Chemist: 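Structure below; questions to follow.
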Amino acid sequence: MLPAVYQNAPGGFDKLQNFEQGFVDALLARMGTEKNKAAQYRANHDAFLKAARSRAARSAKD
């Protein structure tokens, strides 16, 4: 159901409050996942750059 339907229904405020809490919980979970993905991306990227610098240094010596 849409939030407007809950709001206009008798006793709808309580149902709307549950809907809003569920929405907030879903957003917080998604934010946590996105932060973890961003951190993992940065770690992988840093490892890649470190390996690339190492390969470049070895090839410069040859």
Side-chain angles (χ1 to χ4, degrees):
M1 285 191 170
L2 296 173
V5 174
Y6 284 132
Q7 184 177 6
N8 296 329
F13 175 75
D14 295 331
K15 294 177 183 174
L16 184 59
Q17 190 174 11
N18 291 337
F19 174 85
E20 290 172 349
Q21 186 61 50
F23 183 72
V24 169
D25 290 345
L27 285 178
L28 290 174
R30 183 173 292 160
M31 285 173 46
T33 301
E34 289 174 355
K35 285 183 181 178
N36 286 343
K37 286 183 181 179
Q40 185 64 48
Y41 172 79
R42 276 190 238 105
N44 290 344
H45 187 66
D46 291 342
F48 171 78
L49 291 177
K50 183 178 177 183
R53 284 191 296 269
S54 176
R55 286 191 303 271
R58 275 185 275 150
S59 66
K61 289 180 182 179
D62 293 339

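Only a predicted model underlies this, so the values are computations on that prediction, with no experimental measurement involved.
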Chemist: The criterion is side-chain hydrogen bond (donor to acceptor under 3.5 Å, both in side chains); which residues satisfy it with N44, sequence neighbours excluded?
Modeler: Q40
Chemist: Side-chain donor-acceptor contacts of residues 49-57 below 3.5 Å, not counting sequence neighbours, with atom names and distances?
Modeler:
unit_1	atom_1	unit_2	atom_2	d
S54	OG	R58	NH2	3.4

Chemist: Considering residues at least two apart in sequence or located in another chain, which fulfil the side-chain contact (heavy atoms from CB on, under 4.5 Å) criterion with L27?
Modeler: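 By the side-chain contact (heavy atoms from CB on, under 4.5 Å) rule, L27 matches F23.
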Chemist: So, using side-chain contact (heavy atoms from CB on, under 4.5 Å) as the criterion, who are the partners of R30 when residues are at least two apart?
Modeler: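 Listed in chain order: E34.
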Chemist: Got a sec, which residues hit side-chain hydrogen bond (donor to acceptor under 3.5 Å, both in side chains) with D46, two or more places apart in sequence or on another chain?
Modeler: none
